[in-house]
Amino acid sequence: MEAPVAYLGGKASTVTTTHTNGNFIVEADQTIRTAMAPTPFFNTSVPAITVGQGGSLRAWSTDGTALTAPLTPFMGYQGVPRFNIDSDLNGDGIADMVSVPQPGVAPHMVVFSGKDMSVLRSVYVFDPRFLGGVNVTTGDVDANGVADIILAADAGATPHVVVISGGTWEVMASFYAFDKSFKGGLRLATADADGDGVLDIITSTASGPISHVVAFGNLGQSVISSFYAFPEAVKNGVEIAAADLNNDNIAELILGTSGGTSQQVGIYRGNPNAIDYFMAYENWNGDVRVGSVKTAGKTLITTGPGQGAGPNVRTFDPDSYDLLDSFFAGNEYDLSGVTL
């Protein structure tokens, strides 16, 4: 089944692209605009890692202390919810949460207010018959001062990306990240890939024969950069996150793939020929989920295993890639994996 380009309405569009290896561009004399960060969704007194596991979300300290009670985005859903809690979507200065399910159920998106936990939006973002799962990220990709929601279908559908305007909830863009024949699913992030101060949409293949990452500008109408994240022998797709790891106001990409290789996690700093790789989990052959957590003056890399392993969340130094902390975010015998 093909998930529709824009199930919520709006004008569909497609982009014809030629993908070649390239660099993220930081042009001279460009000013990187940074919006005021909203109050975190889980406004804890210590740095927190939000983990999806066992049907719910929960904030944990980097040393493994549970900081909040479990939050269940979808009543009765026992899978691992996907989510994003980075952006203020209704303009009240507090980060809101967008949650979508993994494969197995209808493509339902729920947006929760970070202020009072009320439901801001609850809709099917693709055809309700599509059960392949959804991926989500957020960011102000049209530079109007309000964060937007970016969605894509997982494996089984064509590689559609849909952009929903924050505040109005209308579809303002939709495009194909790869050729329509690709049905391996997409992963998503936002980052300023060309140094113009506007967040761009970063996509990666979730599965399939290549680990391809493409950065799109102008709401999907132009390709800024395109590269293969892992060596040719690694063919299991790419988990993706973006964070400023060296405090230069330019985001690096944090890339994760399946285990069984010496390139489990990659850090992309703008040169596809010089990606740093490190191992997050020895003797693990499943997916490695990636993210970040801000501590005092530093942003750390976070990892968690996909389905088939206990919820072992780890943090790593962004400079040395040394392991800093490791804990189980819940029942260590629950092998459903985690989301970050």
Side-chain angles (χ1 to χ4, degrees), residues 47-54 56-66 79-83 102-103 133 135 154-155 184-185 187 189 204-208 210-211 213 228-243 245 252-269 275-293 295 298-340:
I49 304 170
T50 301
V51 181
Q53 199 269 337
S56 63
L57 306 175
R58 196 171 193 177
W60 300 80
S61 69
T62 56
D63 64 5
T65 301
V80 182
R82 291 167 173 159
F83 64 95
Q102 292 201 66
N135 288 287
D154 213 326
R187 297 289 184 260
S204 65
T205 52
S207 62
I210 54 175
S211 55
V213 179
Y228 297 102
F230 292 94
E232 185 177 352
V234 180
K235 299 180 177 181
N236 297 303
V238 187
E239 300 286 335
I240 188 168
L245 299 177
E252 284 73 42
L253 298 185
I254 307 169
L255 311 165
T257 190
S258 294
T261 171
S262 61
Q263 293 91 14
Q264 252 182 11
V265 179
I267 307 300
Y268 178 87
R269 301 180 187 272
I275 299 176
D276 293 332
Y277 298 103
F278 69 91
M279 290 291 289
Y281 302 94
E282 298 292 337
N283 303 316
W284 167 238
N285 293 315
D287 294 341
V288 177
R289 308 284 161 71
V290 291
S292 64
V293 59
T295 62
K298 198 163 192 176
T299 299
L300 308 180
I301 300 163
T302 60
T303 66
Q307 187 173 11
N312 184 198
V313 177
R314 297 184 174 186
T315 55
F316 294 86
D317 185 280
D319 300 317
S320 64
Y321 309 125
D322 290 337
L323 176 65
L324 300 178
D325 280 298
S326 175
F327 66 91
F328 284 91
N331 181 356
E332 63 182 288
Y333 300 106
D334 184 340
L335 306 184
S336 57
V338 302
T339 52
L340 297 172

Test item: [X] side-chain N/O and [Y] main-chain N/O as donor-acceptor pair under 3.5 Å:
{"X": "Q264", "Y": "Y281", "answer": "yes"}
{"X": "T205", "Y": "I210", "answer": "yes"}
{"X": "T302", "Y": "G291", "answer": "yes"}
{"X": "E252", "Y": "R269", "answer": "no"}

* Between D325 and R314, is the closest basic N to carboxylate O distance under 4.0 Å? -> no

* Salt bridge R187-D287, side-chain N to carboxylate O under 4.0 Å -> no

When rounded to the nearest 0.5 angstrom, what distance separates [atom1] in [X] from [atom2] in [Y]?
{"X": "N135", "Y": "F83", "atom1": "CG", "atom2": "CZ", "answer": "12.5 Å"}
{"X": "W284", "Y": "N312", "atom1": "CH2", "atom2": "CG", "answer": "10.5 Å"}
{"X": "S292", "Y": "I301", "atom1": "OG", "atom2": "CD1", "answer": "9.0 Å"}

Residue pair [X] / [Y], side-chain heavy-atom distance below 4.5 Å:
{"X": "V238", "Y": "L255", "answer": "yes"}
{"X": "T62", "Y": "L324", "answer": "no"}
{"X": "T295", "Y": "P47", "answer": "yes"}
{"X": "R82", "Y": "D154", "answer": "yes"}
{"X": "F316", "Y": "D322", "answer": "no"}
{"X": "L340", "Y": "I49", "answer": "yes"}
{"X": "N331", "Y": "P311", "answer": "no"}
{"X": "I254", "Y": "V265", "answer": "yes"}

* With no hydrogens and no angle check, do the side chains of D276 and Y321 hold a donor and an acceptor under 3.5 Å apart? ->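 D276 vs Y321: donor-acceptor pair found between side chains.
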
* **Candidate pair Q53 and D334, rule side chain to side chain donor-acceptor pair (under 3.5 Å), full reasoning** => CA-CA 9 Å; Q53 199 269 337; D334 184 340; 2.9 Å; yes

* Centres of the F230 and Y277 rings: under 6.0 Å? ->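 That pair passes the under 6.0 Å test.
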
